[in-house]
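Notes to accompany the following structure.
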Amino acid sequence: MLKMSLEENLSKILIIDYGSQFTQLIARRIRELGVYSKIISHNKIKLSDILNNNVRGLILSGGPLNVYQSSKIKFDKRILNLGIPILGICFGHQILSQNLGGKVKKSKYREFGLATIKKKNKSLLTRDFFNSNNACNVWMSHSDEVSKLPKDFSVIASTKNSKFAMIENFNKKLFGIQFHPEVTHTKNGKKILRNFVFSICKLKRNWSPKRQKSKLINEVKIQVKNSKVICALSGGVDSSVVAKLLKEAIGKNLVCIFVNTGLLRKNEEKQVINTFKKRFKINLIYVNAKNIFLSKLKNVSDPEKKRKIIGNLFIKIFEKQAKKIKKIKFLAQGTLYPDLIESKSVTGSQTSKIKSHHNVGGLPKKMKLKLVEPLKYLFKDEVRKLGLEIKLGKEIVFRHPFPGPGLAIRMPGIITDKKIKILQEADQIYITELKKHNLYNKIWQAYAALLPVKTVGVMGDNRTYEYICLLRAITSEDGMTADFFNFDKKFMQLVSNKIINNTRGINRVVYDVTSKPPSTIELE
Ligand code: XMP
């Protein structure tokens, strides 16, 4: 059963999750359209969840399964006859087609990445979608395809390798599409979702950051009741939003803890203490744990080990502080959806693990404190909108993300005090120049990293043998996918010179020109 809350009465789109990396992205696109949506795993859904919850449309997500693995897939055919519009995406398109009498088989040619889709027939689903040549660029990720149309279906559009890439039974309001409209790479993907939500499901706008705020506050109140909560505050936008939300939700029962891991950016601890203690008058405990973090990380170079050690230490510190404060049952943290999806499956469907984000996969199995993670289904830009809604200052709301494990994962190889100092200097120079040149707000995230390689250089008339500094700057919408930022040569030259002239220990600067995927944003 879906958990009851104030939002359950709202008209909504229900997304049935088959384990896609993009399921929450679908939910978020629907929220962006101003409509409430909810996700439930195919393993857990019951017909009553659909019938009793004001569901006006169903979306079947993509996923890593094949339709022939029937023992792992739950599909209740009764959903096909409820008169509720259904949109199947990728795997959802295949499972829908199969259950309506169509056929699915391994594609002769797999399609990953961009493909051009061409219009075959007019459909309400594709209003404003195709360009003047009746085509559109879409993003594909599949190795199976629908090879025979279900009865009473027609083709809306095809790609070179997928004849039935977009199909419909308009009378029954059933639609299947092989590509992903929810990712930004599908040029007009949002239009497909807009047409489905407003023209086909006939929903009206009922969702906004304001409603999001009251929903989250309400959920926190229900979860923690009269208990005290400690909040892991890093000073970044996510944990700052959590702290401010929690203050509104539970008032004095909130205690924030800021841990100096020794892996922060230059002067960061002073800034955080000033902002939160002085400006926001938040009850803040400062823990200087630099020595313990650095000693536990000594000689550790494996990225997953680093993340696990840091995650464990954070929890131990919070548990220790909780004991001191007494009667603390909960730990609040600013986990976002992209942190979760890359660490594990959220809804209980089958999703592949990419890496353990420190505040998720790094948690010890037996943890005494229960987690409060109000932002765990949101994306960064949604959290920013929420931040403005709860009146956090712009300088916090638009700060670039900084990962919990901090500089540890921007320093492949072992971590030493000396390397941290070098990296802090270089990073500060880079970020200061970005701000001076009005580039900071055009970039989603930028940082300097220190590579574990020394190379030879020449300064004055002397040979140097020092580290390589890697600069990263990316544009992104939500951190799930990213592209590198295009600097002009003058700016790169200026930053490179400043870093080398002012940072002892670096004699070479390189710029990372990979997108995500195939790389990730951080180095580890
Ligand atoms: P990746 O490297 O996975 O990063 O492409 C995506 C976004 O997440 C941030 N990130 C983290 N944030 N704890 C966090 O709080 C972590 O362990 C962590 N790892 C990565 C990263 O900075 C980027 O914004």
Side-chain angles (χ1 to χ4, degrees), residues 232 234 236 257-269 286-321 333 339 342-344 353-367 401-430 447-457 464-472 499-500 503-510 512 514 519-524:
S234 71
I257 297 177
F258 170 59
V259 179
N260 180 358
T261 56
L263 297 157
L264 301 172
R265 288 165 291 190
K266 196 172 171 187
N267 295 330
E268 194 160 11
E269 67 273 24
Y286 171 68
V287 182
N288 188 348
K290 189 176 160 182
N291 291 342
I292 174 103
F293 271 90
L294 296 192
S295 83
K296 292 270 181 209
L297 286 166
K298 199 170 177 192
N299 294 326
V300 176
S301 57
D302 178 77
E304 280 296 295
K305 271 194 194 143
K306 283 182 185 174
R307 283 175 174 275
K308 290 258 165 16
I309 290 171
I310 293 169
N312 276 299
L313 273 175
F314 264 114
I315 296 297
K316 274 197 186 134
I317 291 168
F318 293 132
E319 285 186 338
K320 199 169 152 191
Q321 292 297 325
Q333 54 178 13
D339 309 339
E342 295 196 342
S343 294
K344 62 179 178 185
K353 170 176 165 169
I354 312 292
K355 58 170 117 161
S356 315
H357 279 216
H358 94 283
N359 42 4
V360 188
L363 297 180
K365 287 211 169 65
K366 274 194 203 157
M367 207 179 63
F402 185 65
L407 301 183
I409 57 170
R410 292 180 176 177
M411 194 185 293
I414 60 161
I415 297 164
T416 64
D417 238 339
K418 192 174 162 204
K419 279 171 142 184
I420 294 173
K421 287 208 178 81
I422 296 173
L423 182 51
Q424 282 176 332
E425 272 321 308
D427 188 71
Q428 200 200 31
I429 294 168
Y430 181 35
Y447 66 83
L450 199 67
L451 299 186
V453 195
K454 285 188 172 181
T455 63
V456 174
T464 57
Y465 185 58
E466 291 171 344
Y467 289 112
I468 300 178
C469 171
L470 174 143
L471 301 181
R472 186 110 166 101
I499 288 178
I500 291 176
T503 322
R504 267 175 203 275
I506 291 173
N507 67 354
R508 192 176 297 266
V509 175
V510 296
D512 186 340
T514 36
S519 290
T520 51
I521 295 172
E522 301 292 344
L523 296 194
E524 296 192 321

Strictly distance-based, threshold 3.5 Å: is any side-chain N or O of [X] a donor or acceptor partner for the main-chain N or O of [Y]?
X: Arg472; Y: Leu523; result: no
X: Asn507; Y: Thr455; result: yes
X: Ser234; Y: Gly236; result: yes
X: Lys306; Y: Gly413; result: yes
X: Arg508; Y: Ile500; result: no

To the closest 0.5 Å, what do you measure between [atom1] ([X]) and [atom2] ([Y])?
X: Leu294; Y: Ile420; atom1: CG; atom2: CD1; result: 4.5 Å
X: Arg265; Y: Gln428; atom1: CZ; atom2: CD; result: 11.0 Å
X: Asn291; Y: Thr261; atom1: CG; atom2: OG1; result: 11.5 Å
X: Ile317; Y: Lys320; atom1: CD1; atom2: NZ; result: 8.0 Å
X: Ile422; Y: Thr503; atom1: CD1; atom2: OG1; result: 8.5 Å
X: Lys305; Y: Leu297; atom1: NZ; atom2: CG; result: 12.0 Å

Closest heavy-atom contact between [X] and [Y]?
X: Tyr286; Y: Asn260; result: OH-ND2, 3.0 Å
X: Asp427; Y: Ala448; result: OD1-N, 2.9 Å
X: Phe318; Y: Ala232; result: CZ-CB, 3.3 Å
X: Val456; Y: Tyr465; result: CG2-CD1, 3.8 Å
X: Glu524; Y: Pro412; result: OE2-CA, 3.2 Å

Exercise. Apply side-chain contact (heavy atoms from CB on, under 4.5 Å) to the pair Ile409 and Ile310, showing each step before the final yes or no.
Key: CA-CA 11 Å; Ile409 57 170; Ile310 293 169; 5.8 Å; no
Do [X] and [Y] come close enough that some side-chain heavy atom pair is under 4.5 Å?
X: Gln333; Y: Phe314; result: no
X: Leu263; Y: Ile415; result: yes
X: Leu450; Y: Ile506; result: yes

In short, side chain to side chain donor-acceptor pair (under 3.5 Å) pairs touching residues 410-422 with sequence neighbours left out are Arg410-Glu522
For this session: Begin with the C-alpha distance, continue with both residues' side-chain angles, and end with the deciding distance and a verdict on side-chain contact (heavy atoms from CB on, under 4.5 Å) for Leu264 and Phe258.
Result: CA-CA 11 Å; Leu264 301 172; Phe258 170 59; 3.8 Å; yes
